[in-house]
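Bear in mind that the values here come from a model prediction, so they are computed numbers and not experimental data.
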Amino acid sequence: MDQVISFDNVSGALVCQAGCILELLNQYLERQGYTMPLDLGAKGSCHIGGNLATNAGGLRLLRYGSLRGSVLGLEAVLPDGSILNCLNSLRKDNTGYDLKQLFIGSEGTLGLISAVSILCPRKPNSVNVALLGCESFSRVLQVFTMCRDHLGEILSACEFFDAACMKVVKKHLKLSNPLPANNFYVLIETSGSSAYHDEEKLNNFLSKALDTSLITSGTVATDQSKIMSLWALRERITEALAHDGYVYKYDLSMPVEKLYELVEETRIRLGTAAKTVVGYGHLGDGNLHLNVTAESHSDTLMTALEPFVYEWTAMHKGSISAEHGLGFKKKDHIHYSKSREAVNLMQKIKRMLDPKGIMNPYKTIPSSE
């Protein structure tokens with residue numbers, strides 16, 4: 001289940017089996033002058049079928065959009081053993097319901113994705129990464145706005161993380177901070193077709209950001225080794241937190257201006273009960289990863305976190321699962337993000353396709369009984 005079935009070098013349509021590793025697919029495409037529209041910290045181990053089943057977001061969503069827009073077709077094994085073949089590679093197909101969307105993000109509860117057709121963009125000829133330091137989250141938001149204004153079509157990623165994140169990656173992974181200490185860090189990636197054009201735009205942006213005091217310091221990487229070292233500061237935060245203690249993880253989306261308010265309120269609420277409270281995520285799509293560490297699991301700490309985090313997110317019109325899915329632990333909290341009517345319809349679809357409840361049972365959708 002880990003084979004590339006076909007690749008169209010003109011359209012960029014890749015057809016492969018669901019067991020293909022994301023990073024290996026990207027390496028295959030790079031040899032053809034293309035790249036995957038999805039990039040994750042776990043790219044070295046995650047499977048493309050699982051990426052679809054969870055509708056994984058990742059680091060390139062700002063540039064290439066959600067997986068829902070990149071998937072052209074899929075094949076899935078249904079609960080009754082029949083095979084649903086929607087594995088076409090057409091950009092346009094408006095014949096009836098778009099059935100593939102039922103399985104993207106369904107977390108394996110409606111069927112098992114066995115193959116996928118996905119539209120892949122051309123590999124950029126020029127990639128630059130900048131790490132910037134900011135004094136406050138309001139400055140972070142202003143930097144993001146300036147990014148979109150000045151970098152436009154070449155902006156491919158805009159990530160942020162706080163000082164607590166930098167502290168744990170330095171402490172547990174021995175990574176080095178190339179900047180003076182800051183309260184917040186913004187990582188920007190540009191991808192384009194002309195190195196001169198892209199570097200000129202990036203340098204103009206950085207000059208203005210410094211002149212207006214939106215950033216206190218910054219560094220730019222153009223060679224692959226330095227690019228990877230800057231990305232490691234962001235991508236390996238989860239790994240560093242695992243060394244810090246027991247981790248309570250929340251994957252949330254909300255209006256971008258509200259992202260860090262929840263982190264600050266959580267720190268105040270938990271006080272010394274938590275070892276570390278960090279906030280990081282994707283500025284480009286309003287996705288916050290709120291992580292809390294403690295020496296060990298504590299029911300008292302869990303009670304302080306839930307339902308507080310979910311209620312706060314719902315109050316600000318957010319989602320309690322931005323890109324990680326609901327799984328087993330969060331399925332009964334779906335009502336914080338979806339209406340009763342929406343949940344009822346999901347349950348009807350589940351009963352229709354899987355009347356015996358054999359596909360990934362007890363997960364994602366609460367029981368209708």
Side-chain angles (χ1 to χ4, degrees), residues 39-46 50-51 54-59 107 137 159-175 177 183-185 187 231-254 258-283 285-313 318-334 336-337 363-364:
D39 188 21
L40 305 171
K43 56 182 172 282
S45 58
C46 64
N51 298 149
T54 56
N55 189 29
L59 306 167
E107 301 183 51
F137 191 70
E159 305 285 307
F160 89 95
F161 53 99
D162 60 17
C165 291
M166 182 64 81
K167 181 179 179 181
V168 295
V169 296
K170 288 175 62 180
K171 177 180 178 181
H172 297 295
L173 304 180
K174 309 304 180 186
L175 301 184
N177 180 3
N183 292 326
F184 293 91
Y185 300 87
L187 188 146
W231 265 117
L233 293 169
R234 164 62 183 86
E235 288 189 304
R236 298 184 68 187
I237 292 170
T238 301
E239 179 186 349
L241 289 168
H243 292 284
D244 201 55
Y246 183 88
V247 189
Y248 302 82
K249 299 184 178 184
Y250 298 94
D251 162 49
L252 314 160
S253 63
M254 61 192 70
K258 296 291 183 182
L259 282 181
Y260 207 71
E261 285 186 26
L262 177 56
V263 181
E264 293 172 327
E265 291 194 25
T266 301
R267 281 201 184 109
I268 294 171
R269 181 179 178 86
L270 299 182
T272 58
K275 183 178 180 181
T276 308
V277 178
V278 307
Y280 62 99
H282 318 294
L283 276 175
D285 42 86
N287 185 184
L288 169 70
H289 297 297
L290 169 66
N291 284 194
V292 177
T293 69
E295 293 297 340
S296 61
H297 180 272
S298 163
D299 290 338
T300 302
L301 194 55
M302 177 64 82
T303 301
L305 283 165
E306 298 178 15
F308 165 74
V309 170
Y310 300 139
E311 290 175 346
W312 196 99
T313 302
S319 169
I320 65 166
S321 179
E323 60 180 2
H324 291 170
L326 294 168
F328 178 77
K329 291 184 176 181
K330 295 181 181 178
K331 66 165 187 169
D332 292 324
H333 301 301
I334 191 173
Y336 287 107
S337 298
K363 299 180 182 69
T364 308

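No side-chain donor-acceptor contact under 3.5 Å links D162 to the backbone of F184. Checking side-chain atoms of S319 against main-chain N and O of S253 turns up no donor-acceptor pair under 3.5 Å. A donor-acceptor pair under 3.5 Å is absent between the side-chain atoms of E107 and the main chain of G325, judged by distance alone. Here the side chain of D251 pairs a donor or acceptor atom with the backbone of H324 at under 3.5 angstrom. With K174 contributing its side chain and K171 its backbone, the two residues share a donor-acceptor pair below 3.5 Å.
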Requested in this report: Might you work through the salt bridge (Lys or Arg N to Asp or Glu O under 4.0 Å) test for R267 and E264, ending with a clear yes or no?
Outcome: CA-CA 5 Å; R267 281 201 184 109; E264 293 172 327; over 6 Å; no
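Taking the six-membered ring where tryptophan is involved, the planes of Y246 and Y248 are perpendicular, since the angle between them exceeds 60° and thus also 30°.
Applying the salt bridge (Lys or Arg N to Asp or Glu O under 4.0 Å) rule to E265 yields no partners; only residues at least two apart in sequence or on another chain are considered. Legend: residues meeting ring pair (Phe, Tyr, Trp, His ring centres under 6.0 Å) with H282, ordered by chain and number and at least two apart, are H289.
With respect to the salt-bridge test (charged N to carboxylate O, under 4.0 angstrom), the residues K43 and E235 qualify.
Atom NZ of K167 sits in a sparse spot, with 12 or fewer heavy atoms from other residues, nucleotides or ligands closer than 6.0 Å.
Annotation for A294 and A273: closest pair CB-O, 4.5 Å, computed over non-hydrogen atoms. Smallest separation of non-hydrogen atoms from I334 and T364: CD1-O, 4.3 Å. Across every non-hydrogen atom of A322 and N287, the tightest pair is CB-ND2, 3.2 Å. Here the closest non-hydrogen pair linking L233 and L175 is CD2-CB, 3.9 Å. Residue A304 comes nearest to L270 through the heavy atom pair CB-CD2, 3.7 Å, listed as atom of the first residue, atom of the second, then distance.
Two residues are said to be in side-chain contact when any heavy atoms from C-beta on lie closer than 4.5 Å; N51 and L40 meet this criterion.
For the atom pair OH of Y260 and CZ of F160, the computed distance is 7.0 Å after rounding to the nearest 0.5 Å.
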Please table the atom pairs, donor to acceptor, closer than 3.5 Å between any side-chain atom in residues 296-303 and protein atoms at least two apart or in another chain.
| residue | atom | partner | partner atom | Å |
| --- | --- | --- | --- | --- |
| S298 | OG | T300 | N | 3.3 |
| S298 | OG | L301 | N | 3.1 |
| T303 | OG1 | D299 | O | 2.8 |

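Judged by the 6.0 Å distance and 45° axis criteria, R234 is not positioned over the aromatic ring of Y280.
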